[in-house]
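Input: a single structure, listed below in structure tokens.
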Number of protein chains: 2
Amino acid sequence: MLEGRWKLVILFHLFGGQVLRFSDLERAIPGISQKMLIQQLRQMEKDGIVSRIVHHQVPPKVEYCLTQWGQALCPALDALLTWAAQREAMDGGNPAAAVRN
Amino acid sequence: MLEGRWKLVILFHLFGGQVLRFSDLERAIPGISQKMLIQQLRQMEKDGIVSRIVHHQVPPKVEYCLTQWGQALCPALDALLTWAAQREAMDGGNPAAAVRN
DNA sequence: CAGGATCCGCGTGGATACTG
DNA sequence: CAGTATCCACGCGGATCCTG
């Protein structure tokens, strides 16, 4: 359910109860295409991890945030961030390597 | 670094300081091919997550375990397990869905 | 603005056979 | 036992164009 190149990246942006618009996410994640963004969001919505809030108005406005079940992922995401931080704190390794992924 | 279909599955088996042989992992992970197993192990070895211990003898014996840096992933893996467990504890949803992945 | 629809390359991953 | 070598399908993900 968390596989794929973008899932975790998206989740990290929704981390901590953030509510973001489609375009916000698009701008926040350089390199992602609209197709991938919507595709991954839809899958996670289907899996009950993120919820989609449509505001009926023009221009359209759609927001995304974590569901309650998605919020439960926060400790795990946090642990992953801690892990990545440890990596950078390590000696020789180049710091970019941990970020690049 | 954790992407791909098998990385996490393999890590879950090396969880808690387990030291396993190649064939142990192969048997423990139904459906994985030798190619994928060795490929993913090599990548994680290169990333410094798992370490490869070769015992020079016949028949060959090679063991795999987490490096110190790999051990640092345990809290994160644990959080993910907790997350998955919460899923199953939830009402309506079919329990298989959380496992299937 | 928030997508939908298409086309397409290329890498991931599966199956099988072979080896030191 | 612990890999290596090869072939190949499929689908992920990128690019581009279109729409309510």
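Note that the coordinates shown come from a computational prediction; the quantities given were computed from them, not determined experimentally.
The side chain of B:Arg52 places an N or O atom within less than 4.0 Å of a non-bridging phosphate oxygen (OP1 or OP2) of D:dG3. Distances shown here put every side-chain N or O of A:Ser33 at or beyond 4.0 Å from the OP1 or OP2 atom of D:dG13. The phosphate of C:dG13 (OP1 or OP2) has a side-chain N or O of B:Gln40 nearer than 4.0 angstrom. At least one side-chain nitrogen or oxygen of B:Ser23 sits closer than 4.0 Å to the OP1 or OP2 atom of D:dA2. Contact annotation: B:Arg21 reaches the phosphate of D:dA2 (side-chain N/O to OP1 or OP2, under 4.0 Å). Between B:Arg42 and the phosphate of D:dT4, there is a side-chain N or O to OP1/OP2 separation shorter than 4.0 Å.
Side-chain contact between B:Leu37 and B:Trp6 is absent, with no heavy atoms from C-beta onward closer than 4.5 Å.
Straight-line distance from the NZ atom of A:Lys35 to the C1' atom of C:dT6: 9 Å, rounded to whole Å. Straight-line distance from the CD atom of A:Glu3 to the P atom of C:dG13: 8 Å, rounded to whole Å. One atom, CD1 of B:Ile38, and another, P of D:dG3, lie 4 Å apart when rounded to the nearest Å. When the P atom of C:dT12 is taken as reference, atom CZ of A:Arg5 falls 11 Å away, rounded to whole Å. Atom-to-atom, CG of A:Leu37 to P of C:dA5 comes out at 17 Å; the value is rounded to the nearest Å. Atom CD of B:Gln34 and atom P of C:dG20 are 16 Å apart (whole Å). Distance, A:Ile29 CD1 to C:dA2 P: 14 Å, rounded to whole Å. Atom pair B:Met36:CE and D:dA2:C1' shows a separation of 16 Å (rounding to whole Å applied).
In this structure, A:Gly4 reaches the sugar-phosphate backbone alone: every heavy-atom distance under 4.0 Å involves primed, P, OP1 or OP2 atoms, never a base.
One finds the CD atom of A:Gln18 at 9.5 Å from the CG atom of A:Asp24 (value rounded to the nearest 0.5 Å).
Counted within 6.0 Å of CD on A:Gln57, heavy atoms from surrounding residues, nucleotides or ligands total more than 12; the atom is thus considered enclosed.
Ring planes of B:Trp69 and A:Trp83: parallel class, angle under 30° (limits at 30 and 60°).
Relative to the side chain of A:Pro60, the nucleotides C:dG3, D:dA2, C:dC1 differ in distance, and C:dC1 lies closest.
The backbone N or O of B:Leu66 lies less than 3.5 Å from no partner atom in the side chain of B:Ser51, so there is not a single donor-acceptor pair.
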